[in-house]
Amino acid sequence: MAKGNSYLPRKLHSLLGVIPLGLFIIEHALTNYSAYEGGQEGFTKSIDFLNSVPLVFWLELFVIWLPILFHGVYGLYIAYQSNLNTGRFSYGRNWAFAAQRITGVITFIFVAWHFYETRFQITLGNVTHEELGQHMNGIVSDPLVFTAYIIGVLAAMFHFSNGLWAFFVSWGITVGPRAQKVSSNICMVIFVILSALFLLSLFAFRGDEFASAAATALSSVSNG
């Protein structure tokens, strides 16, 4: 169980994990999946569409990055305050509770790393939006980094899906055992679908089309 956590911050932490962060995860999964479905051209079109949204910087700041920062930092505090007693109580939901805390820490590290590798590099001017696909190819071409990305994606999707189940329970949406059992199955399906979308996109970024585009871009820079 968790200790020393006030009611309102925990409720806000729970809410932000679903709205708006849940919507961002779904959008991000679909955008990345366009790399698998439409290749370099499809991914670039998806990125261009997102950047054409009015006030996109402020929307990202207040709807995505600040909520992520609060959810992540406060989530680390919750994980620090939690007692993982799976040795004493080994039933399924207790293991899920422990996994939620562990994957939360992994997800926080992964998101910070991924943000630095992508969005922060765009902000610094080292990578353009149009070059993001080739840039991702360069990142995940390293087998160790690719493996780390797979672990990070699976941890993040479990953390979101299991957190969604906990959200339904804590907000009184699923009250009885049967409702919680049904929602658990639904959340597992969500975990599988979102994980598949992200993993397929990772394999797409490692594919020949993005590798060729990255090689062409590198050659142009060298010749320039």
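These figures come from a predicted structure and were not determined experimentally.
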Problem - CA sep, side-chain torsions, deciding dist, call: T103, L154, side chain to side chain contact (heavy atoms under 4.5 Å, CB included) - result: CA-CA 9 Å; T103 56; L154 293 177; over 6 Å; no
Exercise for the section: Might you work through the side chain to side chain contact (heavy atoms under 4.5 Å, CB included) test for F198 and I25, ending with a clear yes or no? Expected result: CA-CA 10 Å; F198 277 115; I25 289 172; 4.2 Å; yes
Problem - Plane angle bin for Y77 and Y74 - parallel if under 30°, tilted between 30 and 60°, otherwise perpendicular - result: tilted
Exercise for the section: Measure up the W113 and F110 rings against each other and bin them: parallel (under 30°), tilted (30 to 60°), perpendicular (over 60°). Expected result: perpendicular
Fill in the blank from the handout: Closest non-hydrogen contact found for F70 with L16 is CD2-CD1, 3.5 Å
Problem - K11 atom NZ, neighbour heavy-atom count above 12 within 6.0 Å - result: yes
Exercise for the section: Give the minimum heavy-atom separation between S14 and W171, together with the two atoms involved. Expected result: OG-NE1, 3.2 Å
Problem - Atom of H135, atom of V127 and distance for their closest heavy-atom approach - result: ND1-CG2, 3.7 Å
Exercise for the section: For the pair Q134 (side chain) and A211 (backbone), establish whether a donor and an acceptor sit closer than 3.5 Å, ignoring hydrogens and angles. Expected result: no
Exercise for the section: Answer whether the closest heavy-atom distance between the side chains of E130 and D48 falls below 4.5 Å. Expected result: yes
Completion exercise
CZ of F115 to OG1 of T123, rounded to nearest 0.5 Å, is 6.0 Å
Practice task
Treat each ILVMFWY residue as a node, draw an edge where side-chain heavy atoms are under 4.5 Å apart, and state whether I151 and L144 are in one component.
Solution key: no
Handout entry: Straight-line distance of M136 CE to E117 CD, nearest 0.5 Å
Key = 8.5 Å
Handout entry: 4.5 Å side-chain heavy-atom contact, H114 and Y149
Key = yes
Problem - Side chain proximity check, V105 to F108, heavy atoms < 4.5 angstrom - result: no
Practice task
Treat each ILVMFWY residue as a node, draw an edge where side-chain heavy atoms are under 4.5 Å apart, and state whether V140 and F43 are in one component.
Solution key: yes
Exercise for the section: Assess the side chains of S183 and W165: does a donor N or O sit below 3.5 Å from an acceptor N or O? Expected result: yes
Practice task
Kindly determine whether I64 and L59 satisfy side chain to side chain contact (heavy atoms under 4.5 Å, CB included), including the steps that lead there.
Solution key: CA-CA 7 Å; I64 298 174; L59 286 173; over 6 Å; no
Handout entry: Linked, directly or transitively: I139 and L202 (ILVMFWY side chains, under 4.5 Å)
Key = yes
Practice task
Carefully, step by step, assess L197 and N32 under the rule side chain to side chain contact (heavy atoms under 4.5 Å, CB included).
Solution key: CA-CA 8 Å; L197 291 176; N32 284 3; over 6 Å; no
Exercise for the section: Please check if I78 and L76 belong to a single hydrophobic cluster, counting links between Ile, Leu, Val, Met, Phe, Trp and Tyr side chain heavy atoms closer than 4.5 Å. Expected result: no
Handout entry: Spatial distance of atom CG (L132) from atom OG1 (T31) [nearest 0.5 Å]
Key = 10.5 Å
Problem - hydrophobic_cluster_shared for Y33 and F49, side chain cutoff 4.5 Å - result: no
Problem - Separation between OH of Y116 and CG of L124, rounded to the nearest 0.5 Å - result: 7.5 Å
Exercise for the section: Write down the atom of H159, the atom of T107, and the distance for their closest heavy-atom approach. Expected result: CB-OG1, 4.0 Å
Practice task
Check whether more than 12 heavy atoms from other residues, nucleotides or ligands sit under 6.0 Å from atom CG of N126, and answer yes or no.
Solution key: yes
Fill in the blank from the handout: Separation between CE (M157) and SG (C187), nearest 0.5 Å, reads 13.0 Å
Practice task
Would you check if the side chain of S141 reaches a backbone N or O of N137 as a donor-acceptor pair within less than 3.5 Å?
Solution key: yes
Handout entry: The single option from L15, V18, L21, L12 passing side chain to side chain contact (heavy atoms under 4.5 Å, CB included) against H71
Key = L21
Problem - Heavy-atom closest pair, residues S34 and S46 - result: OG-OG, 3.0 Å
Exercise for the section: Establish, for the pair R206 and F210, whether the NZ or CZ atom is under 6.0 angstrom from the six-membered ring centre and no further than 45 degrees off its axis. Expected result: no
Problem - Criterion ring-ring contact (aromatic ring centres under 6.0 Å, His included) on F167 and F160, from CA distance to verdict - result: CA-CA 10 Å; F167 171 84; F160 168 68; over 10 Å; no
Problem - Any side-chain heavy-atom pair of L50 and E27 under 4.5 Å - result: yes
Practice task
With rounding to the nearest 0.5 Å, note down the distance linking CG in N51 to CD1 in I122.
Solution key: 8.0 Å
